[in-house]
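Starting from 1, each residue takes its place in the sequence as its number. As a basis for the values below, the full set of heavy atoms in this structure was taken, side chains included, without hydrogen atoms, waters or symmetry mates.
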Amino acid sequence: MTQFGGYDYCTEKAMQYLTLEPGKVPEALKLYAEAFQAKLVDDSYEDQSVQLKILNSYVLITPWASASGSSDSFLELPTDLNSIRRIREDKRFVEIDRTRSTEDKSVMMKDPFGITFLLRMEKKKMTQYVVDHGLLFRRACNPIAFGFPQGISPNDLCTIKLTAVFVTRYGMAFKKALNKIASTEFAFLNLNHIWRRLFFNFVGVYTSIVKPSKEVYRSCDFMGKALELFFHLLQLKNVKMGGSRRVMEVDAFTGGVDYFAYMDFVGYSDVMPRPQRRSVMIAQLGHTLRTPLSASWCTTIFFVSPEVLGIIKLTALFVARYGKRIACELMEKEGRNPLFSFLDPSDCGFPCYNMVVKVYSKVLKNFELVYTADIVLQRYFQSLWDEEKEDEPKDVDDLYSFVECVDSFAQMEDEEFFHKMGTREAHVYPFHDQTSRVHSRPHVYHPFHDQTSPANVQEEEGPSSIEVCVPTLDGRVIIEIVVESFFGEKVASLKEKIVKVIQIPSKYLKLRGKLVGVLRDDKSLADNNVEAGEILIATWRFSRWEVQIT
């Protein structure tokens, strides 16, 4: 791994920060705007911090957290000689060392708020160094040593990785729920399994990238939907049978998160290869993979093409990860390029970009204090441009695949984002969404044979049949269950018949109908207003208390 002497090179122009008395922050912003031509980059921080671009450096100004705080701050600002001369003449600053001549290439000044500035001539940029490996994780600087078991198969590895991503997002509650319905399929979660440590190593890496979700404890429905998305991506039987296509499906889904792990986490690149582009996987495989879940079918809402939307999502991913200063630098460098016009607030694509940044920021952890904007932009353009076609974006599916994991988690939890740019895929829908949306999906749609109410068609005794769309470890399937009658068959007994087919405990299943939503176990199908020809929807159900880790 290339270190370049720790991380001095990478942080030479990275974010600096200072603290000020809260009441002095507006005065400081005005002073820095006049003296340094400082530009506001971001003022949306929860702690009321403000990010500025001062000369060529990014500075985060944070109000004191308590009355005992101190403004004992120091900033080193590389700049040009003309700026040094101009600021030395500003009467609002006090020069600490007056023995230097005006031709000196550095000067130390103090502003009215007690902040010390070292202004120095900016050194020429180092020759084109390419930092291909991440250098540090700022909260855990010790490199992680991965103990990969010898002989672990790609199928097992992809299962462990995908499980680790979901456990990172949805907590140990997801792991507990997974053990309840498929304990034998995920043996590496067991206490004494040889791969358990490897699994938690991946969780440790992804914790530096993906934020934990709050929704999993707010809704009994949400855990079931998270599990359904998980199994839809994994398709366990196909993976266990050794299909390389399924391994690539998982690798394509986790590609963007793995890219940040590869770049930002010490030791990850030593044991894991750099994620491949989806188009490269397809070329190796010889046939196509599924459409990425992030691919939108409703782009006309924001009047942008699928190609532009792919660039918007990739840009939003980097901004959510590395801060709004990246968008500021990109606007300065590529402002005349029509591909990036969405960065202009007056452009019709800006609302779309702004929305995606907000929802991605709810999924990704911010990492802006580590790298310089130059390094992040270098990585951004490497992810955007096609190597063979200079200054042309990569394949649209490559862009959507890169953001797929973050985008899917965002669609699961942000109703507005889903309704404006949601995918048609069966297993990604927000937890607020109603059952009617599920019934409209192609994979569960079945024409009603008879639209008459059950009270009119099921009065006579005798067996009948009903179709139920059920979740399995390999995706959803529609099964046909013979029932006593619509009046005599209670929902509880119908569940018992279902679980004999899919082998999942009935207490973890919930049935939904088209008219009344969740069906009551103690009532018959007729009393629950189930219609003839209707397809019931079964979902996994976990109580908030049942999956709570104490």
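- Between Arg169 and Val363, some side-chain heavy-atom pair lies under the 4.5 Å cut-off.
- How far CG of Leu317 is from CZ of Phe402: 6.0 Å, rounded to the nearest 0.5 Å.
- Contact check for Arg520 versus Asn528: side-chain heavy atoms found under the 4.5 Å cut-off.
- The CG atom of Leu343 sits 11.0 Å away from atom CG of Asn354, with the distance rounded to the nearest 0.5 Å.
- Contact check for Val468 versus Ile535: no side-chain heavy atoms found under the 4.5 Å cut-off.
- Closest of all the heavy-atom pairs between Pro393 and Trp385 is N-CE3, 3.7 Å.
- Note: Phe174 and Phe230 have perpendicular aromatic rings, judged against thresholds of 30 and 60 degrees for the angle between ring planes.
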Exercise for the section: Could you check Leu198 against Phe188 for side chain to side chain contact (heavy atoms under 4.5 Å, CB included), going step by step and ending with a plain yes or no? Expected result: CA-CA 9 Å; Leu198 176 63; Phe188 57 84; over 6 Å; no
Problem - From CA spacing to verdict: side chain to side chain contact (heavy atoms under 4.5 Å, CB included), Phe166, Leu178 - result: CA-CA 11 Å; Phe166 273 74; Leu178 196 60; over 6 Å; no
Exercise for the section: Go through the steps for Phe260 and Tyr322 under the test ring-ring contact (aromatic ring centres under 6.0 Å, His included), then give the verdict. Expected result: CA-CA 10 Å; Phe260 291 137; Tyr322 298 116; 5.8 Å; yes
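- Under the 4.5 Å side-chain criterion, counting only non-hydrogen atoms from C-beta, Leu233 is in contact with Leu229.
- The pair Arg321-Asp264 meets the salt-bridge criterion, since a charged nitrogen lies less than 4.0 angstrom from a carboxylate oxygen.
- Taken from CD1 in Ile466 to CG in Leu536, the straight-line distance is 4.0 Å, to the nearest 0.5 Å.
- Atom NZ of Lys211 sits in a crowded spot, with more than 12 heavy atoms from other residues, nucleotides or ligands closer than 6.0 Å.
- Partners of Asp397 under the side-chain contact (heavy atoms from CB on, under 4.5 Å) rule, at least two apart in sequence or in another chain, are Arg278, Pro292, Asp395.
- Distance check, rounded to the nearest 0.5 Å: CE of Met172 to CG of Asn179 gives 9.0 Å.
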Problem - Intermediate values then yes/no, side chain to side chain contact (heavy atoms under 4.5 Å, CB included), Asp251 and Lys161 - result: CA-CA 9 Å; Asp251 285 344; Lys161 282 176 55 181; 3.7 Å; yes
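- Side-chain atoms of Asn190 do not come within 3.5 Å of backbone N or O of Asn192 as any donor-acceptor pair.
- Using a 4.5 Å heavy-atom threshold, the side chains of Leu364 and Ile209 count as touching.
- For the atom pair SG of Cys469 and CD1 of Ile537, the computed distance is 4.5 Å after rounding to the nearest 0.5 Å.
- The local environment of NZ in Lys490 is sparse, with at most 12 non-hydrogen atoms from other residues, nucleotides or ligands closer than 6.0 Å.
- Nearest approach of Pro306 to Val396, heavy atoms of both residues: O-CG1, 4.2 Å.
- For the pair Arg379 and Tyr371, the cation-pi test (distance below 6.0 Å, angle within 45°) is passed.
- When all heavy atoms of Ser401 and Ser294 are compared, the closest pair comes out as N-OG, 4.3 Å.
- For the residue pair Val205 and Ser208, the shortest heavy atom distance occurs at O-OG, 2.7 Å.
- For the atom pair CG of Leu384 and CG of Leu330, the computed distance is 9.0 Å after rounding to the nearest 0.5 Å.
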Handout entry: Stepwise side chain to side chain contact (heavy atoms under 4.5 Å, CB included) test for Val491 and Leu525
Key = CA-CA 6 Å; Val491 172; Leu525 295 176; 4.2 Å; yes
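- Every residue meeting the side-chain hydrogen bond (donor to acceptor under 3.5 Å, both in side chains) condition with Ser279, not counting sequence neighbours, appears here in chain and number order: Arg277, Asp398.
- Side-chain contact between Leu494 and Leu519 is absent, with no heavy atoms from C-beta onward closer than 4.5 Å.
- Side-chain contact between Asp407 and Leu293 is absent, with no heavy-atom pair separated by less than 4.5 Å.
- The heavy-atom pair separating Leu399 from Gly310 by the smallest distance is CD1-C, 3.8 Å.
- At least one side-chain heavy atom of Leu511 sits under 4.5 Å from a side-chain heavy atom of Lys495.
- With Tyr206 as the partner, the side-chain hydrogen bond (donor to acceptor under 3.5 Å, both in side chains) test is satisfied by one option alone out of Asp258, Thr254, Thr168: Asp258.
- Only one option out of Tyr353, Phe381, Tyr380, Tyr360 pairs with Phe318 in a ring pair (Phe, Tyr, Trp, His ring centres under 6.0 Å); it is Tyr380.
- Closest of all the heavy-atom pairs between Glu489 and Lys497 is OE1-NZ, 3.1 Å.
- A salt bridge is defined here as a Lys NZ or Arg NE, NH1 or NH2 lying under 4.0 Å from an Asp or Glu carboxylate O, and Glu215 with Lys362 fails to meet this definition.
- At distances below 3.5 Å, at least one donor-acceptor pair connects side-chain atoms of Lys394 with backbone N or O atoms of Gln382.
- Side-chain contact annotation: Glu404 with Ser408, donor-acceptor N/O pair under 3.5 Å absent.
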